[in-house]
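Atom set for the values below is all heavy atoms of this structure, side chains included, hydrogens, waters and symmetry mates excluded.
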Amino acid sequence: MRFLEGKTVIITGGGRAVLADGKAGSIGYGIATAYAKEGANIVITGRNVKKLEEAKEELERLYGVKVLAVKADIAAGADNVATAAEVVKQAVEAFGRIDVLINNAQASASGVTLANHTVEQFDLAMYSGLYAAFHYMQACYPYLKESRGSVINFASGAGLFGNFGQCAYAAAKEGIRGLTRVAATEWSRDGINVNVICPLAWTAQLEQFKNAYPDAFDKNVHTPPMGYFGDPEMDIGRVCVQLAHPDFKYMTGETITLEGGLGLRP
């Protein structure tokens with residue numbers, strides 16, 4: 001029996017993206033694949049219905065799991081409390097419980113300097129990342145308390161190191177780190193495990209950037225010390241699976257930085 005059978009995970013930003021070689025090409029889809037291999041019921045959200053449906057079809061076909069795909073967008077001017085509540089409502093109606101919440105979704109206008117950033121661009125990063133994590137955590141809390149479950153949030157080295165041209169993205173990710181630490185303090189008494197991951201993975205978006213702008217890629221993207229970028233499924237996804245295991249409860253509140261070779265492989 002796979003150890004997550006009967007458990008339910010919500011993954012924001014879980015639409016399907018693949019690399020040229022056919023491997024998982026986005027962190028959300030890589031995480032979903034890792035959870036599917038362990039038999040979990042999966043709820044994926046995102047703005048792109050086509051990518052969500054493609055993920056649902058492939059995960060169910062390859063791994064025999066049940067997948068609920070829900071179009072959802074946390075954005076400025078929207079009723080975001082209702083959006084998160086609806087995702088949680090559908091998850092509970094479909095599967096009866098929530099064991100893991102993974103706040104992976106994030107949009108931003110990278111490459112725009114602080115002096116030139118617009119309010120709309122700043123809002124895009126804040127709402128899709130920080131506010132989304134906040135709303136989904138609040139909506140899932142009663143169910144995570146009942147299941148003594150886990151929250152896994154995603155921050156970034158952009159915030160840790162102050163990457164050029166990523167002011168809104170970095171601000172959102174640092175906000176998520178702070179939110180995660182507070183939740184770890186407050187929710188530990190409820191048996192909820194809360195952690196944050198700062199990943200560096202090889203994704204379809206990064207692959208496309210390299211192919212389209214090889215010179216810019218060479219100047220701005222640096223290979224991690226281990227010599228390769230993290231794999232969305234085998235490095236990032238497997239760590240997320242391990243963080244849902246009861247043996248990892250002691251890690252509550254930790255910031256985990258994942259670069260090439262630092263994931264927990266099966």
Side-chain angles (χ1 to χ4, degrees), residues 8-18 24-36 38 40 42-48 51-52 54-56 59 67-75 80 83-84 87-88 91 98-108 110 124-137 139-140 144 149-159 169-170 172-177 179-180 183 193-206 229-244 255-258 263:
T8 301
V9 56
I10 295 177
I11 305 167
T12 68
R16 182 177 182 268
V18 294
S26 67
I27 290 175
Y29 185 60
I31 295 168
T33 300
Y35 271 80
E38 295 298 341
I42 298 170
V43 181
I44 49 175
T45 75
R47 296 179 293 179
N48 189 314
K51 288 184 177 181
L52 291 174
E54 288 176 348
K56 172 182 170 66
L59 294 171
V67 180
L68 174 66
V70 184
K71 184 180 186 297
D73 184 17
I74 302 296
N80 295 313
T83 297
V87 172
V88 171
I98 297 171
D99 298 274
V100 185
L101 167 65
I102 300 178
N103 284 305
N104 162 72
Q106 178 72 65
S108 70
S110 294
L124 173 65
M126 287 295 171
Y127 278 90
S128 65
L130 178 57
Y131 275 98
F134 169 73
H135 289 303
Y136 279 110
M137 288 170 72
C140 287
L144 293 171
S150 301
V151 176
I152 303 167
N153 291 332
F154 275 77
S156 171
Y169 178 78
K173 290 303 189 183
E174 285 298 272
I176 290 171
R177 280 213 308 146
L179 180 67
T180 303
N193 190 37
V194 187
N195 289 285
V196 62
I197 293 175
C198 299
L200 181 56
W202 185 252
T203 64
Q205 187 174 17
L206 197 56
F229 293 87
D231 180 276
E233 177 199 344
M234 298 302 292
D235 291 309
I236 315 303
R238 292 306 306 182
V239 168
C240 289
V241 165
Q242 294 297 327
L243 288 174
T255 298
I256 302 166
T257 303
L258 299 178

Take I44 and Y29 through the side-chain contact (heavy atoms from CB on, under 4.5 Å) test and state the conclusion after the steps. CA-CA 9 Å; I44 49 175; Y29 185 60; over 6 Å; no

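- With respect to I42, the side-chain contact (heavy atoms from CB on, under 4.5 Å) criterion is satisfied by exactly one of I10, V9, T8: V9.
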Step-by-step side-chain contact (heavy atoms from CB on, under 4.5 Å) determination, L144 to V151: CA-CA 8 Å; L144 293 171; V151 176; 3.5 Å; yes

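- In the displayed structure, Y131 atom OH is contacted under 6.0 Å by at most 12 heavy atoms of other residues, nucleotides or ligands.
- Listed for the S108 side chain is no donor-acceptor partner under 3.5 Å among the backbone atoms of Y169.
- The backbone N or O of N104 sits less than 3.5 Å from a side-chain atom of T12, completing a donor-acceptor pair.
- Within the 4.5 Å cutoff, side-chain heavy atoms of V239 are placed close to those of I197.
- To the nearest 0.5 angstrom, I102 atom CD1 is 11.0 Å from C140 atom SG.
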Report the C-alpha distance between W202 and D231 in whole Å, list the side-chain angles of each, state the deciding distance to 0.1 Å, and finish with yes or no for side-chain contact (heavy atoms from CB on, under 4.5 Å). CA-CA 6 Å; W202 185 252; D231 180 276; over 6 Å; no

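- Rounding to the nearest 0.5 Å gives a distance of 9.0 Å between CZ of R16 and OG1 of T33.
- Using a cut-off of 4.0 Å between Lys/Arg side-chain N and Asp/Glu carboxylate O, E54 and K51 are scored as not salt-bridged.
- Under the ring pair (Phe, Tyr, Trp, His ring centres under 6.0 Å) criterion, F134 pairs with no residue, sequence neighbours left out.
- The two residues A105 and G13 make their nearest non-hydrogen contact at CB-N, 3.7 Å.
- Contact between V100 and A244 at its shortest, heavy atoms only, is CG2-CB, 3.8 Å.
- Between the side chain of Y136 and the backbone N or O of V87, no donor-acceptor pair lies under 3.5 Å.
- Taking CG from L52 and CZ from R47, the interatomic distance works out to 11.0 Å, rounded to the nearest 0.5 Å.
- Within the model, atoms CG of L200 and CD1 of I236 stand 8.0 Å from one another, a figure rounded to the nearest 0.5 Å.
- Atoms CD1 and CD, on I152 and Q242 in that order, are 10.5 Å from each other to the nearest 0.5 Å.
- When all heavy atoms of A155 and R177 are compared, the pair lying nearest together is CB-CG, 3.3 Å.
- Remark: N153 CG to C198 SG distance equals 10.5 Å, nearest 0.5 Å.
- Residue S26 comes nearest to P232 through the heavy atom pair O-CB, 3.4 Å, listed as atom of the first residue, atom of the second, then distance.
- Minimum interatomic distance between A55 and G15 (heavy atoms only, all atoms of both residues): CB-C, 4.3 Å.
- Q106 places no side-chain N or O within donor-acceptor distance of the main-chain N or O of S128, the cut-off being under 3.5 Å.
- Distance alone, capped at 3.5 Å, places no donor-acceptor pair between the D99 side chain and the S150 backbone.
- In this structure, I11 and G28 approach most closely via the heavy-atom pair CG2-O, 4.0 Å.
- Side-chain N or O atoms of N193 include one that pairs as donor or acceptor with a backbone N or O of L243 at under 3.5 Å.
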Worked verdict on F154 versus K173 for side-chain contact (heavy atoms from CB on, under 4.5 Å): CA-CA 7 Å; F154 275 77; K173 290 303 189 183; 4.2 Å; yes

